[in-house]
There are 2 protein chains.
Amino acid sequence: MVSNNATEPLLPGSVDPNQKVSANVPHRRRFLRRVRSAPLAEFVPKDIAADGALKHSNSIFGELHSSFKKVAAFLAVYLGVGTVCFYFVRDDIKGKKTNGILDAMYFTVVTMTTVGYGDLVPDSFATKLLACLFVFTGMALVGFILSKAADYLIEKQETLLVKAFHLHEKIGPSEILKEVEKNKVKYKFTLVLGVIFVLMLVGAVFLAFVEDLDPMDSIYCVCSTITTLGYGDQSFSTTAGRSFAIFWILVSTIGLGQFFLYTAELFTENRQRALVNWVLSRKMTYRDLEAADIDNDGVVGPAEFVIYKLKEMGKISQEDISLVMEEFDELDVDQSGTISASDLSLAQTTEAKI
Amino acid sequence: MVSNNATEPLLPGSVDPNQKVSANVPHRRRFLRRVRSAPLAEFVPKDIAADGALKHSNSIFGELHSSFKKVAAFLAVYLGVGTVCFYFVRDDIKGKKTNGILDAMYFTVVTMTTVGYGDLVPDSFATKLLACLFVFTGMALVGFILSKAADYLIEKQETLLVKAFHLHEKIGPSEILKEVEKNKVKYKFTLVLGVIFVLMLVGAVFLAFVEDLDPMDSIYCVCSTITTLGYGDQSFSTTAGRSFAIFWILVSTIGLGQFFLYTAELFTENRQRALVNWVLSRKMTYRDLEAADIDNDGVVGPAEFVIYKLKEMGKISQEDISLVMEEFDELDVDQSGTISASDLSLAQTTEAKI
């Protein structure tokens with residue numbers, strides 16, 4: 001057996017014939033630990049490897065950048081089509097009017113965000129149908145934006161935020177990115193909360209000075225708008241007000257949606273973290289040892305231990321493992337129970353023959 | 001080496017001394033495969049084990065049942081407090097009135113779901129503040145409901161749905177549950193779509209007959225309500241209408257929210273499935289082999305292979321693995337590089353001494 005004490009083997013019937021390891025185990029182990037880190041750092045965990053951190057982050061920004069462009073394109077098309085449609089049926093929309101194109105765009109935004117003040121309402125069969133169409137597609141678009149765009153803007157701000165938090169400490173960019181990775185959700189949450197506060201303040205000040213609302217009504221209209229409640233007793237009725245509203249309503253309603261998403265994420269993360277801690281602090285029993293021993297050699301190797309614990313944490317399922325094991329069996333051409341270089345060359349030879 | 005051909009070892013420097021395996025490899029392998037399946041099936045994958053399926057599902061229902069009760073309790077308290085509050089300030093609410101308590105409850109629901117018709121609007125400082133308070137807490141509550149309650153109702157219906165789909169085939173309850181597990185999101189999506197359609201139909205018929213709206217306005221009001229747009233030009237103005245609206249608005253707005261959630265889930269699942277397929281079909285290279293070989297013994301065991309592939313699929317991160325490996329090092333008392341029964345008893349002895 002590997003260990004030096006006299007304990008009985010765990011599974012006496014299945015003692016592995018491979019276990020004639022050299023006596024000087026700690027030395028071999030130290031060697032393994034050192035060599036092992038190299039291939040591990042090499043493949044997937046670019047977000048951990050210190051020098052790879054920035055490169056990885058660039059690729060994330062690249063990805064986010066492209067999805068941000070997609071979101072911006074969808075939004076532009078939606079607003080464009082909405083404005084044109086509602087401009088053409090402007091005579092079938094009743095309520096307080098200002099400039100024709102501005103009103104059409106304002107109505108599109110108020111509809112897509114489901115604020116629906118009711119200061120402008122469709123007044124014909126076709127216009128009502130059009131409004132129904134735009135509110136459903138608008139909701140879908142807002143959902144799409146929530147899932148993509150905000151992340152891009154926030155990732156860009158995150159690094160600055162961490163820098164501000166740690167201004168007194170001297171840390172490099174890779175440390176910052178590691179810190180961000182660790183507390184990602186917390187930073188996103190803090191940031192979006194700050195953004196919402198600023199947006200509410202700007203909205204309230206604007207309503208008080210440009211739309212001439214008293215302070216309470218300004219705050220009331222801000223709350224009624226960003227929550228998409230939109231009773232409609234207070235809304236934007238001037239040209240300047242509606243121009244401002246087009247951007248402000250879009251950003252602030254999406255901001256609040258993002259805030260609720262991050263709150264949910266924060267809850268999930270905390271619960272997940274509690275589960276991870278519980279799994280890690282739970283004492284390992286002989287039964288666990290037996291269960292974790294996938295290749296049934298009486299001992300639990302590092303890889304087996306990782307799989308066992310990650311399954312307990314709910315991060316991977318038996319279905320995941322079964323799927324991968326099917327491929328393992330295919331690749332293990334010589335049926336040795338392990339994949340070696342010879343399996344790979346055997347597979348190539350077989351392919352070449354076919 | 002394990003294999004019978006003459007390929008060079010992958011990592012000549014690190015040939016494992018353990019590899020003097022008996023020549024009759026296939027036989028040993030078959031034995032291992034058989035024994036191995038027992039401990040694996042024993043611990044986590046209750047949702048896969050055929051006879052465990054029903055037991056597992058009961059425990060899920062139990063859990064869902066308790067969170068459904070929690071949701072119902074929160075909702076009841078919110079509606080109760082809202083109704084009492086808005087009943088007491090009913091003179092500070094202007095608009096079309098019917099019964100005092102009914103209006104207060106209707107106003108609470110219209111506010112919490114952010115429909116905000118504007119047929120009733122707060123008309124004093126205190127009432128406006130109250131409405132702001134209720135719309136924010138209402139949004140949070142709706143988010144909470146979306147994350148919990150609907151799943152409960154839908155899981156209950158799911159089994160029936162699968163039964164209906166496969167009426168012609170003879171399958172037992174455990175097969176149904178496996179089928180449900182596999183296409184969970186698709187079933188949830190189909191079901192919620194059906195529920196929304198029925199709710200829209202019921203709402204439109206009700207509005208046409210009880211609120212005397214013409215057919216187009218009924219459909220327009222239904223769309224404007226379930227999307228929480230609520231322009232307010234068409235709303236519920238009779239006693240009967242508002243009594244119906246209290247339940248109908250709640251259920252249908254939450255239903256549409258759930259629909260969008262499931263749509264997003266369906267997208268995510270399809271993308272995840274595509275990634276899994278890509279990772280599984282990707283050809284294994286020598287470089288992959290080296291990277292996957294965690295214990296650096298020149299061959300890739302099943303557990304190492306599973307970890308490598310799951311990392312590639314993005315299901316687990318290097319951070320997860322590092323966390324678990326820290327515990328592995330602690331448990332590996334005799335520093336052998338594996339955890340054996342002797343490690344566990346050594347750990348107990350050490351604890352007893354302390």
Side-chain angles (χ1 to χ4, degrees), chain A residues 2-3 5 7 10 18 25-26 29 32 35-36 39 42-45 48 114 116 118 121 125 128 132 135 143 216 220 223 227-233 260 280 290-291 294 296 299-301 303-307 309 311 315-316 318 321 324 327-328 334-342 345, chain B residues 2-3 5 7 10 18 25-26 29 32 35-36 39 43-45 48 114 116 118 121 125 128 132 135 143 216 220 223 227-233 260 280 290-291 294 296 299-307 309 311 315-316 318 321 324 327-328 334-342 345:
Chain A
V2 175
S3 62
N5 70 8
T7 321
L10 178 71
N18 301 359
V25 165
R29 179 179 169 72
L32 279 183
V35 184
R36 184 196 304 164
E42 199 179 358
F43 60 126
V44 174
I48 295 297
T114 78
V121 288
F125 183 88
K128 284 176 183 176
C132 289
V135 69
M216 180 57 216
Y220 165 69
C223 291
T227 57
T228 78
L229 181 56
Y231 289 131
D233 50 343
F260 277 108
L280 285 180
E290 197 178 331
I294 295 178
N296 216 38
V299 293
V300 172
E304 289 171 331
F305 187 73
V306 167
I307 290 183
K309 285 291 179 181
K311 268 178 90 170
K315 298 215 177 197
I316 54 181
Q318 182 58 33
I321 296 176
V324 177
E327 204 211 341
F328 181 85
D334 63 8
Q335 299 263 310
S336 60
T338 55
I339 301 176
S340 56
S342 69
S345 41
Chain B
V2 175
S3 64
N5 70 6
T7 321
L10 178 69
N18 300 359
V25 164
R29 179 177 170 73
L32 280 182
V35 184
R36 183 198 304 166
F43 58 129
V44 174
I48 295 297
T114 78
V121 287
F125 184 88
K128 283 174 184 177
C132 290
V135 70
M216 180 56 215
Y220 166 68
C223 291
T227 57
T228 79
L229 181 58
Y231 290 131
D233 50 342
F260 278 107
L280 285 181
E290 196 180 331
I294 294 178
N296 213 38
V299 292
V300 172
E304 289 171 331
F305 187 73
V306 166
I307 289 182
K309 285 291 179 184
K311 268 178 92 170
K315 298 215 176 198
I316 54 181
Q318 182 58 33
I321 297 175
V324 177
E327 205 211 342
F328 181 84
D334 62 8
Q335 299 264 309
S336 61
T338 55
I339 301 177
S340 57
S342 70
S345 38

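Small disclaimer: the values here were computed from a predicted structure and weren't measured. Below, chain A is the first sequence line, B the second, and so on; all start at residue 1.
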Report summary line: Here the pair of heavy atoms bringing Glu304(A) nearest to Val299(A) is OE1-O, 3.2 Å

Query raised in the report: Do we see a donor-acceptor contact under 3.5 Å between the side chains of Ser342(A) and Ser340(A)?
Result: yes

Query raised in the report: Given Lys309(A) and Phe328(B), is the side-chain contact (heavy atoms from CB on, under 4.5 Å) satisfied, shown in steps?
Result: CA-CA 10 Å; Lys309(A) 285 291 179 181; Phe328(B) 181 84; over 6 Å; no

Query raised in the report: Side chain, backbone, both or neither: which part of Phe260(A) has a non-hydrogen atom closer than 4.5 Å to chain B?
Result: side chain

Requested in this report: Output the option from Ile339(A), Val324(A), Val135(A) having the highest count of non-hydrogen pairs under 4.5 Å with chain B.
Outcome: Ile339(A)

Report summary line: Scored by heavy-atom pairs under 4.5 Å with chain A, the best of Val121(B), Asp233(B), Thr227(B) is Thr227(B)

Query - For the student: nearest non-hydrogen atoms of Lys315(A) and Ile316(B), plus distance - result: CB-CG2, 4.5 Å

Query raised in the report: Among Gly232(B), Gly301(B), Gly143(B), who wins on heavy-atom pairs under 4.5 Å with chain A?
Result: Gly301(B)

